[in-house]
Amino acid sequence: MFLQIRNITKSFGTEQVLQDLSLDLEARRMCSILGRSGSGKTTLLKIIAGLEGADRGSVWLDSQPLDPVPAHARNVVYLYQEALLFPHLNVSENVAFGLRLRREAGRQVEKKVGQMLEELELTAHARKRPDQLSGGQRQRVAFGRALIVQPRLLLLDEPFGALDTETRQTMQSLLKRICGEHGITALFVTHDLKEAIRMGDVFGWMQGGRLKTYPGLDGFLNDSETGIQDEIAFWKSLYDDHEKGL
Amino acid sequence: MRRRILQGIWGLIWVLPFLLLLVLSIGRQWPFPALLPRQWSLAYWADVFARGGNLNESLLFSLVLSLSIAAIATGLGYVTSRQIAYHPKKERWLLLAYFPYAMAPVILAACLQHYFLVLGWSGKWSGVWLAQLCITYPFAVIFFSGFWNQRMQSMEHLVTTLGGTYWQAFRKVLLPMSSSALLVCFFQTFLISWFEYGLTSLIGVGKVQTLPVKVFQYVQEANIFLAALAGCLLFLPPLILWWMNKRWLFRQG
């Protein structure tokens, strides 16, 4: 397994946020984790990224224990709900940021940034400042900035939460396509059921700091605990009523 | 037309006191009810730039004092406020920063005076420097407390996960993003120190003669011409700062 999380436990004061949580994920796969607010999704991602420490348990990536590795050396990129573009840099420089940190040669950086902007359909906006972009464009720049450093693992914390429905769908398709093309392994957390289904290859359900994983969509959809069945039943009854003309 | 007249009057209200200061600083013998001084001389101004002049030492020391205070307080406040912002008990620490302002700087000086006397810092430039830092440093901490928010912390974390060390995050993201705030804080702490009188005269016990202390001294001596000159000098740096603010800071915004 590429990513192995074993028995992670985390508390803040008296509140236990993660309880004996384990997860396995193969390389080049995206795991959608569905969960309500406060279920511990963000804390889990922060522990994997090295931004928080776990009280107990371990994280392994590509057979390497991550716990002794500092966050900046993990090559695990964490993307937030907000694009968090650097306001003093233009689109091109925002995308190049990670490469500049690695002190890559100028020409190499230019070439990679050019390719990435083209892939994300942002070439026309290369010289624009973040405040001149729409929400969807900003999020695309954030993806470009993350993907250009070729992360071993991409952590996405409800990255489309602030977008409107239409942009959200476009961005979901774009991210799915790009992650597939780049062979990115990713953990995608969301509280949106449709988004979880659309984005994941494998699935997880998180509640009260515990994670239940499903290797395929069937198991995820048929588990009564997740509430998915209730939602399907709701839409089905609405459709049936409509068909009957009620 | 009416609007222009009103604007002119409004402008005159602001400019007249400074014009009067300037006239007084180059005037000699101005008995009542003469409209203007009987003699004009640049001798006092020339004295400011002459070696061993009456005011140039105060001007120079005040400048060094305020510039160094502003630089140190801004730097310390920036770093300290970050530590406080991410501390679990940040409210308690921030409350400490409000302390000098809750009791007024001059009362703080009265409280500090005993310690400064015991430590032998009273009546010394170093003592006044330290005392002024006691009010400008908390000001800078309060000033930056709103800057270090959840968004800035997320930015910092993002740089880390992109492969940056804390120093790289500071140099490439935090510093450029805070440059305007740093500049404004520098200006404000400079002005607090530059116009500070009560605390300076209490801790300096009349021996440390900054420009505001000189102005009050001339006023008490009824030497209106020198008081006006010192007043003009007192207004020069804030005017330069105001011009710089307008030229660079607002353009950045």
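Predicted, not measured: the structure shown is a model, and the values here were computed from it. Residue numbers start from 1 in every chain, and the chains themselves are labelled A, B, ... in the order their sequence lines are given, proteins ahead of strands.
Scanning residues 86-104 of chain A against chain B with a 4.5 Å non-hydrogen threshold yields A:F86, A:P87, A:H88, A:F97, A:G98, A:L101, A:R102, A:R103, sorted by number.
When the shell of 6.0 Å around CZ of A:R6 is examined, it contains more than 12 heavy atoms from other residues, nucleotides or ligands. Atom CH2 of B:W129 sits in a crowded spot, with more than 12 heavy atoms from other residues, nucleotides or ligands closer than 6.0 Å. Crowding of A:Q64 atom CD: a count of heavy atoms from other residues, nucleotides or ligands under 6.0 Å exceeding 12. B:E57 CD: 12 or fewer foreign heavy atoms inside a 6.0 Å radius. The 12-atom threshold is exceeded at CZ of A:R177, counting heavy atoms of other residues, nucleotides or ligands nearer than 6.0 Å.
Using a 4.5 Å cut-off between heavy atoms, A:Y78 touches chain B through backbone and side chain atoms alike. With a threshold of 4.5 angstrom between heavy atoms, A:A73 does not approach chain B through any atom at all.
At least one side-chain heavy atom of B:L162 sits less than 4.5 Å from a side-chain heavy atom of A:V77. Counting heavy atoms from C-beta outward, A:R74 and B:T161 have side chains that stay 4.5 Å or more apart.
For A:E119, the side chain to side chain contact (heavy atoms under 4.5 Å, CB included) partners at least two apart in sequence or on another chain are A:I178, A:E181, A:H182. Annotation: salt bridge (Lys or Arg N to Asp or Glu O under 4.0 Å) contacts of A:D164 (sequence neighbours excluded): none.
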Please report, to 0.1 Å, the donor-acceptor pairs under 3.5 Å made by any side chain of residues 83-108 of chain B, with sequence neighbours excluded.
{"residue": "B:Y86", "atom": "OH", "partner": "B:Q153", "partner atom": "N", "Å": "3.4"}
{"residue": "B:H87", "atom": "ND1", "partner": "B:K89", "partner atom": "N", "Å": "2.9"}
{"residue": "B:Y101", "atom": "OH", "partner": "B:I135", "partner atom": "O", "Å": "2.3"}

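The line from CG of A:L51 to CD of B:E156 is 10.5 Å long, rounded to the nearest 0.5 Å. To the nearest 0.5 angstrom, A:L85 atom CG is 7.5 Å from B:M155 atom CE.
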